[in-house]
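Below is one structure; the comments refer to it alone.
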Amino acid sequence: MKKAKDNIYETSLRTHTCGQLEESDIGSTVTLCGWVDGHRDLGGLLFIDLRDRWGKTQAAFDPAAVSPEVMESARSVRYEFSIRVTGVVRGRPEGMKKGAGTGLIEIQAETMEILNISETPPFMVEDDTTASEELRLKYRYLDLRRPLLKNKIELRHRAAMAIRSYLDSKGFVEIETPLLIRSTPEGARDFVVPSRQHKGKFFALPQSPQLFKQILMVSGFDRYFQLARCLRDEDLRADRQPEHTQIDIEMSYVNMEDIFGLVEGMMSDLFKKILDEEISIPFERYTYQEVMDRYGIDKPDIRFGLEITELSDILGKSGFKVFSEAAAGGGVIRGINFKGGAAFSRKRIDELTEIAKSAGARGLAYIAMTDDGIKSPIAKFISDDEIKGALAKAGTEKGDILLIVADKWKTVCDSLGMVRKELGRTIQGSSVRKWAFLWVYEFPLFEYNPDLGRFDAMHNIVTSPHKDDMPNLGLGFESKSAVDDPGHPWANIRANQYDLVLNGMEIASGGIRIHDRKIQELVLSVLGIDRERAEKMFGFLLKALEYGAPPHGGIAPGFDRITALMTGSDSIREVIAFPKTTAAQSLMDGSPAEIDPNQLEELGIEIIKRKN
RNA sequence: GGGGUCGUAGUUCAGUUUGGUUAGAACGCCUGCCUGUCACGCAGGAGGCCGCGAGUUCGAGUCUCGUCGACCCCGCCA
């Protein structure tokens, strides 16, 4: 029998887990606790499978070996009863062995005890469940008993441990930042918490610890990290929850290279430790301009090729007005070649056209190279040489189709980017790379917002401008260009900002920050935040920058998205123990919910009922 | 805010196209039988506000409108 002190799993109620015993334990007397995973009553012999977090072990009840009372009790158990069984470990008879480990042995039961009965569960606790997600969320505690989901939560834990240990080894300090902070006018809508002691005033829950981590740099913690909860009151998606976890990182005295190196090291360490996968580093790098030109999107899935080809030079002067007008108006003509696409049905082409249109394109032209020659509705408008030139440049061969969009640069990128994404869906097979990481950097600092008639921060308001573009910051104030002119100085400032993309998902974003109060104020004023308002909202950060703030920068990998990818999950809900629905409700605890009128009274809050 | 898919025994679904007897199946549940099962087997049984509310109709699971909920997408979101 194993010595108790070797067995960390032993408690007062059990000696071992349900995943622990093996052939070397044969002969030991053991006590297991677990849920009933199955019970097979053969009339005489009775088998019960016990399940806990660690595995499954079969207990055998023989009427010849146990008392009638125990036998009767064992016959009464049902799925998900919590029970405790004591008996002797024995090898299973030949031909009755299942797999390895606990499948080679069983407990010859001597006694058993029902610790707690269970209602008939609303769905079976098994990996290949058919239960709807709605039901699984309502009974999340049962869902989490499923080994598959449990394993994902455990992997998440091990990933967190690996990350903490990696960053610790590099001299990082984990520091908790406040959850009750003041609302700052960045990006997303805040969750808000009323103050009882200051009626009429509110805390906001942090969208990220952004300003606090910068202040920690000013405080001298030159390497900070935190597995930080971030809260945003925005609409949900498969990859978005109102509360998510970031591996929040900030460092002093760094440039982009330092951050890239750190994250590459961290990710390869993580994938090696948790998945035993070798990730090749450094990751590929693309500027924003380059990635948009080649893939039409700032977070491309580059597990497959399908690059966009520039065709303006060839088709720009063609007789097809859509093309020539786009070219003359400063737009571009670009295409994607798809292998074997000449066989696309009319319906398939219509689908792709709809996708392109949904991204703003007015249509989707195509040239198919079939066995019977060129098939294209635009062939009559453009010359044979132009067709040949376009096909040659795009690498279109017999059996392929070249899909073309002509429009403004951004519209062409967006629409071909979405068409490419759709096409990519169909070619994800064994030939594609497993883990396609890439960095995207030099995003524009500002983006013109037509609704507001001014510029918005494309990333966040604390990102520093590229030093070569710094003069544009001042020039913008005097510029005679219209604000929506792509040539406006503010539209042409690159930011020291970067994203990390994995398999088409943005998994991290960061930047080198502004550490000079004057520049920060300039950026704020471009965004239409005047001195007074800046002082009110950001005064504490601006003030901190005045006291020798060091140059600093950081990044924030999204922990939920990373673990979702690592576990092959379609949704980050699969790696969050207690997620919300797409309508931001928790079906298990029924939140959000009304609160007691007394609580409202105490907070000085009155609910106004709207009519409609 | 907008678009799409879905909602029928405890569960997953069929039935809705073309309105018409008593709304089916599988798993689960209950009872009995069964001494090496592990998707145990065999026999029998119970179980339905067809999401909810209006409307059309002699008659609605089926048609219409509204509403609630889940999921996916657009907007939105560092």
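We name chains A, B, ... by the order of the sequence lines, and we start the count at 1 in each one.
Pairs engaging residues 91-112 of chain A under the ring pair (Phe, Tyr, Trp, His ring centres under 6.0 Å) rule: none recorded [sequence neighbours left out]. Applying the ring pair (Phe, Tyr, Trp, His ring centres under 6.0 Å) definition to pairs two or more places apart or across chains, those involving residues 77-111 of chain A are A:H39-A:Y79.
Remark: the separation of the C1' atoms in B:rG32 and B:rA70 is 41 Å, to the nearest Å. Only the C1' atoms considered, B:rC71 is 36 Å distant from B:rU22, to the nearest whole Å. Taking atom P in both B:rU21 and B:rC38, the straight-line distance is 43 Å, to the nearest Å. Between B:rG10 and B:rG1, the two P atoms lie 33 Å apart (nearest whole Å). As rounded to the nearest Å, B:rA23 and B:rG15 have C1' atoms that lie 8 Å from one another. Annotation: B:rG28 and B:rG48 have their C1' atoms spaced 16 Å apart (nearest Å). Comparing the P positions of B:rU35 and B:rG51 gives a spacing of 46 Å, expressed to the nearest Å. Separating the P atom of B:rG75 from that of B:rC6 is a span of 24 Å, rounded to the nearest Å.
In a base pair of the Watson-Crick type (N1 to N3 plus N6-O4 or O6-N4) or a G-U wobble (N1-O2 and O6-N3), with each distance short of 3.5 Å, B:rC38 is matched with no nucleotide. In a base pair of the Watson-Crick type (N1 to N3 plus N6-O4 or O6-N4) or a G-U wobble (N1-O2 and O6-N3), with each distance short of 3.5 Å, B:rU16 is matched with no nucleotide. Shown here, B:rG53 forms a base pair with B:rC65; the pair counts as Watson-Crick or G-U wobble because both key distances fall under 3.5 Å. With both pairing distances under 3.5 Å, B:rC29 is matched to B:rG45 as a Watson-Crick or G-U wobble pair.
Here the P atom of nucleotide B:rU12 and the CG atom of A:D128 are 15 Å apart, to the nearest Å. Distance, A:D235 CG to B:rG1 P: 8 Å, rounded to whole Å. A:I48 has its CD1 atom 17 Å from the P atom of B:rG36, to the nearest Å. Note: CG (A:D414) to C1' (B:rG75) measures 14 Å, nearest angstrom. In this structure, A:F61 atom CZ and B:rC38 atom C1' are separated by 15 Å, rounded to whole Å. The distance between atom CD of A:E351 and atom C1' of B:rC73, rounded to the nearest whole Å, is 15 Å. Remark: P of B:rG4 and CD1 of A:I355 are 17 Å apart, rounded to the nearest angstrom. In this structure, the CE atom of A:M124 is 17 Å from the P atom of B:rA26, given to the nearest Å.
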Between the protein and nucleotides 7-11 of chain B, list the N/O to N/O atom pairs that are separated by less than 3.5 angstrom.
from	atom 1	to	atom 2	distance (Å)
B:rU11	O4'	A:P122	O	3.3

Pairs: protein N or O with nucleotides 40-43 of chain B N or O, under 3.5 Å:
from	atom 1	to	atom 2	distance (Å)
B:rC40	N4	A:D41	O	2.3

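A:E354 meets the side-chain contact (heavy atoms from CB on, under 4.5 Å) test with A:K357; sequence neighbours excluded. Looking at residues two or more places apart in sequence or on another chain, you find a side-chain contact (heavy atoms from CB on, under 4.5 Å) between A:I105 and A:L21, A:E23, A:I26, A:T57, A:V89. With sequence neighbours excluded, the residues that form a salt bridge (Lys or Arg N to Asp or Glu O under 4.0 Å) with A:D239 are A:R561. Listed by chain and number, the residues in a side-chain contact (heavy atoms from CB on, under 4.5 Å) with A:A238 are A:S571 (sequence neighbours excluded). Remark: A:M537 engages A:P185, A:R533 in a side-chain contact (heavy atoms from CB on, under 4.5 Å) (not counting sequence neighbours). Residues satisfying the salt bridge (Lys or Arg N to Asp or Glu O under 4.0 Å) criterion with A:E243, sequence neighbours excluded, are A:R229, A:K580.
Map A:E106 and A:M418 each onto its nearest nucleotide of RNA chain B; the residue landing nearer the 5' end is A:E106.
Judged purely by distance below 3.5 Å, without hydrogens or angles, the side chains of A:Q246 and A:S208 never pair a donor atom with an acceptor atom. With no hydrogens or angles considered, a side-chain donor-acceptor pair links A:D248 and A:Y224 at under 3.5 Å. In the model, A:K152 has a side-chain atom that pairs as donor or acceptor with a side-chain atom of A:S569 under 3.5 Å. Under the 3.5 Å distance criterion, with hydrogens and angles disregarded, no donor-acceptor pair is assigned to the side chains of A:D560 and A:Q241.
When heavy atoms are screened at a 4.0 angstrom cut-off, A:E354 is found touching no nucleic acid atom at all. Nucleic acid contact for A:E80: none, since no nucleic acid atom lies under 4.0 Å from a heavy atom of the residue.
Residues A:V575 and A:F559 have side chains not in contact (no heavy-atom distance under 4.5 Å, counting atoms from C-beta outward).
Within residues 90-101 of chain A, the residues approached by RNA chain B to less than 4.0 Å at the level of any non-hydrogen atom are A:R90, A:R92, A:P93, A:M96, A:K98, in residue-number order.
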Footprint string (nucleotides 66-72 of chain B, 5' to 3'): B base within contact, S backbone only, - free, heavy atoms under 4.0 Å: ---SSBS

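Residue side chain A:R240 reaches the base of B:rC76 through a donor-acceptor N/O pair under 3.5 Å, judged by distance alone.
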side-chain contact (heavy atoms from CB on, under 4.5 Å) between A:D143 and A:L137, worked out: CA-CA 7 Å; A:D143 199 21; A:L137 287 172; 5.8 Å; no

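Between A:F260 and A:Y441, the angle of the ring planes goes over 60°, which puts this pair in the perpendicular group of the 30/60° scheme.
A:L473 approaches A:V526 most closely through the heavy-atom pair CD1-CG2, 4.2 Å.
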